[in-house]
Amino acid sequence: MKILVGYKRVVDYNVRIQVKPDGTGVVTDGVKLSANPFDDIALEEALRLREKGVAEEVVVVGIGPADLTAHLRNGLAMGANRAIHVVAADAVQPLTAARVFLKLVEKEQPGLVILGKQAIDDDANQTGQMLAALWDRPQATFASKVDIAGGKATVTREVDAGLEVIEAELPAVITTDLRLNEPRFIKLPDIMKAKSKPIDTIEFGSLGVEAHDHLKTTHYAAPAKRSKGVMVKDAAELVAALKQKGLL
Amino acid sequence: MPESETICGTATLDAARGGWQAVGMIPEPSMSDPRLTELSGCLPGLRLLTASADLEHYGRDWTRRWTPAPLAVALPASTEEVLAIMRWANERRVAIVPSGGRTGLSGGAVAANGELVLSLERMNRVLGFDAVDRTLSVQPGVILQHVHEAAHGHGLVYPVDFAARGSCSIGGNIATNAGGIRVIRYGNTREWIAGLKVVTGHGELLELNRGLIKNSSGYDFRQLMVGSEGTLGIVVEATLRLTDPPPPSQVMLLALPDMDALMQVFALFRTRLPLQAFEFFTDHALRHVLAHGAQRAIAGDHPYYVVTEFDAADERQQEAALAAFEQALERGWVSDGVIAQSEAQAAALWRLREGITESLAPWRPYKNDVSVRISAVPAFLHEMQALLAREYPRAEVVWFGHIGDGNLHINVLRPDGLAEDAFIAQCEHVTALLAATLQRHGGSISAEHGIGLVKRAYLDSTRSAAEIALMRGVRKVFDPNGILNPGKLFADG
Ligand SMILES: Cc1cc2nc3c(=O)[nH]c(=O)nc-3n(C[C@H](O)[C@H](O)[C@H](O)COP(=O)(O)OP(=O)(O)OC[C@H]3O[C@@H](n4cnc5c(N)ncnc54)[C@H](O)[C@@H]3O)c2cc1C
Ligand SMILES: Cc1cc2nc3c(=O)[nH]c(=O)nc-3n(C[C@H](O)[C@H](O)[C@H](O)COP(=O)(O)OP(=O)(O)OC[C@H]3O[C@@H](n4cnc5c(N)ncnc54)[C@H](O)[C@@H]3O)c2cc1C
């Protein structure tokens, strides 16, 4: 079985995001960029499935500008067999990303696509679901445990009420939640080996996918600063203050 | 109350006057002690603690060798209160132990002799930032991590950093000239002190250097205060220099096959990469941090590990780092290595090094903190390893440290069945031998933790008799009555 893994590059989770002064986006210059944490988890899960003998090949997919290669090399160093780089100058929206994946699915015929439940840049939480719909295959989102046997995936999902276990016929789309696994460190000798692993480059324009931008971003702004708290002397004063604000 | 007015109101001291009370012969501490009544009489707003739990809490630092027994704990909220306490202390000859976050590892903040603990904990405000001078003014009780956050809020950094950041105070850092994990790039605390306000042991308020970059006007008392371990004055305010944030960096963990490789890898990496940190630890240390919950990053058994962080702003620098690793691998100096791909992974790698002290704490290890010049490290390491193996046949010896600065931490764990006293006696014996070894290599018995109570017996291995005599003389000038931290640094005052 072949597994396709989404591997997006985002501003590192631990970086404090700063909005550009002109409100056209967030500052990315000189800022640490890393793999979307959920995609790291997706790749880790795919590698574990390959190590268990469930899969033979793990392919990481990135959609982005020319300099995405270094990022994809990290995925290869972590253990993916090869990478596909869909070269797109601008960021793509979830539906476009799903359509790109569909094209790659048609070409690669994977038994499983593992994506992050969301990317931490726009937190859309849509691509996996849209891909499953376009592909007309089952989806198992927010996975915290995955077992593959007999052409079926048994997936534990993190849902509002707790955990839910579902079965999905393969091929299927799985999206990962935080507790699914702890991604491995990249071994330095593997970075050297990864240099000789193949990266297929596909121009976005050649895929025949229309980049519909259904969503328009008007501007970016930092969240309003929380106003300072007020100290009250005692319970009576607290009650009075709450009443004054119409909260009691 | 005319009596207390004299005591709190006199700026100069008449040493011959006043009821002298020998330090160390203090009766059961309680608020009923007349000296404390007097102190709170002239400083009615002063927070004074005497409950036994408070005395125990404030009477000790991270060393656990001495039983805390302070007279009381004073928590002044202002420089004026510190001044008044010092006047009272001089008048009544009460010993004062300046106290910060009490993360000290040398017993500097221990009060086991009826001293008054003067905790700077409540003087914990950031006073101001000057964008033109690029300085931050803080009270001494500000926690190091809060200094980092305040600097960050202004787009700058205060670069002194180490694992106790969440609880140590800037006053304690100054008093010990704290080093840490970025010394290789940024130096020790000393480099970052633009100005100090200090209340001397004699009770005078000094304003030292006032943030000046250039000030060629005689003796630099500001630098004298840095590293003086609370024996000359109490830091009541500090002006800290800030700097630009470093470029984006990468963190590697390297596994090394033997000790000789350590300095070879260091030399190679230092010439190839703009290093921010280069730290090492042994497999023993790794075992303890892993047992304490850290995440294993490299499989297999390796005797030595290095955590290193370096600027990697662009692909060229990242390539240079890989090339350096490749070369080290070819020469057999490293056997494996991983590189962090995210800040979270970087933190996980750092935890392997930074979590060591905490993971060892339950064993209450005996600690050495030694340094030699970088060029002397290889020869010293060989002698030291032979010495430790010979002298501690049964004890587990865990070492790690800031090897890029020539600084090693040696932690000895007491073997089962060996009594505490016998264990300490053995360790003191070995420390004397270690001190002699250090002396031959021109090193220091205390690299960054201070002499305190723990290492005063070995001070003469690092400082000459003439130097020590001058140090005592300096102390007399700033603290003629020997009020501040008696017994620290020198055994007899
Ligand atoms: C986990 C851990 C890791 C550590 N790592 C490092 C490290 O990498 N590098 C390093 O250098 N140290 C390290 N230390 C030691 C310790 O954190 C430092 O020595 C620190 O600077 C002590 O600060 P503190 O506020 O806790 O001081 P305290 O322990 O309270 O006091 C230390 C000394 O300073 C004096 N003092 C405190 N405040 C003042 C003041 N305002 N004016 C005058 N004197 C004062 C005290 O009397 C005492 O002599 C570590 C400790 C721990 C527990
Ligand atoms: C054209 C010119 C430009 C200058 N520009 C600068 C400048 O940009 N920045 C700057 O800081 N200064 C400057 N100076 C001043 C002067 O050059 C410096 O102060 C320099 O450091 C003095 O060195 P010196 O060997 O001439 O000392 P001297 O003039 O011989 O002595 C200066 C002091 O040092 C003492 N001293 C000398 N040698 C020793 C020793 N071995 N041990 C102990 N004490 C000693 C002397 O007793 C005296 O107190 C300048 C001077 C000139 C003429």
Side-chain angles (χ1 to χ4, degrees), chain A residues 7-18 21 27-41 43-44 47 51 60 65-80 116 119-120 178 181-195 222 225, chain B residues 148-149 152-153 155 244-255 265 269 293-300 306-309 311-319 321-330 333-352:
Chain A
Y7 200 63
K8 188 177 187 180
R9 184 177 66 176
V10 296
V11 173
D12 191 276
Y13 170 72
N14 288 76
V15 168
R16 199 187 319 177
I17 299 292
Q18 279 177 311
V27 177
T28 53
D29 275 357
V31 164
K32 172 102 181 151
L33 301 176
S34 304
N36 176 36
F38 296 105
D39 294 353
D40 252 342
I41 293 171
L43 176 53
E44 175 66 35
L47 296 175
E51 283 156 8
V60 284
D67 72 351
L68 199 69
T69 325
H71 163 73
L72 290 170
R73 289 255 173 248
N74 288 340
L76 295 173
M78 203 165 143
I120 62 166
L178 210 55
N181 60 49
E182 179 107 53
R184 66 195 63 191
F185 288 91
I186 294 184
K187 285 161 69 88
L188 284 157
D190 290 344
I191 295 186
M192 280 134 53
K193 287 181 208 145
K195 285 181 185 159
K225 282 226 169 75
Chain B
H148 292 157
E149 288 162 5
H152 194 84
D244 290 314
S249 60
Q250 285 191 319
V251 180
M252 274 185 189
L253 175 72
L254 308 173
V265 174
F269 272 52
Q295 183 192 355
R296 182 183 274 282
I298 291 184
V306 162
V307 175
T308 180
E309 183 162 354
D311 298 348
D314 52 35
E315 234 172 295
R316 190 186 53 81
Q317 280 181 318
Q318 291 168 12
E319 284 299 320
L322 286 178
F325 175 79
E326 223 168 336
Q327 195 174 343
L329 194 66
E330 276 161 18
W333 296 341
V334 298
S335 28
D336 207 345
V338 297
I339 185 159
Q341 291 306 311
S342 63
E343 298 284 318
Q345 284 198 337
L349 292 184
W350 265 117
R351 186 172 171 201
L352 294 171

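Please read these numbers as outputs of a predicted model, since none were measured by experiment.
- The number of heavy-atom neighbours closer than 6.0 Å to CD of B/Glu149, taken from other residues, nucleotides and ligands shown, is above 12.
- There is no contact between B/Ala313 and chain A, counting heavy-atom distances below 4.5 Å.
- Contact residues of residues 65-72 of chain A toward chain B are A/Ala70 (heavy-atom distance under 4.5 Å).
- Heavy atoms closer than 4.5 Å to chain A are found in both the backbone and the side chain of B/Ile339.
- For chain A, the nearby part of B/Glu315 is the side chain; its heavy atoms alone come within less than 4.5 Å.
- Ranked by non-hydrogen atom pairs under 4.5 Å with chain A, the options B/Ala346, B/Gly337, B/Ala297 are led by B/Gly337.
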Could you go through residues 27-35 of chain A and list every donor-acceptor pair under 3.5 Å that involves a side-chain atom there, pairing it with any protein atom two or more places apart or in another chain?
from	atom 1	to	atom 2	distance (Å)
A/Ser34	OG	A/Asp12	OD2	2.5
A/Ser34	OG	B/Gln341	O	3.2

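- Looking at B/Ile298, there are no atoms closer than 4.5 Å to chain A (heavy atoms on both sides), in backbone or side chain.
- With sequence neighbours excluded, the residues satisfying side-chain contact (heavy atoms from CB on, under 4.5 Å) with B/Ala344 are A/Asn14, B/Ser342.
- Listed in order of number, the residues of residues 181-193 of chain A that approach chain B to under 4.5 Å between heavy atoms are A/Glu182, A/Pro183, A/Arg184, A/Phe185, A/Ile186, A/Lys187, A/Leu188, A/Pro189, A/Ile191, A/Met192.
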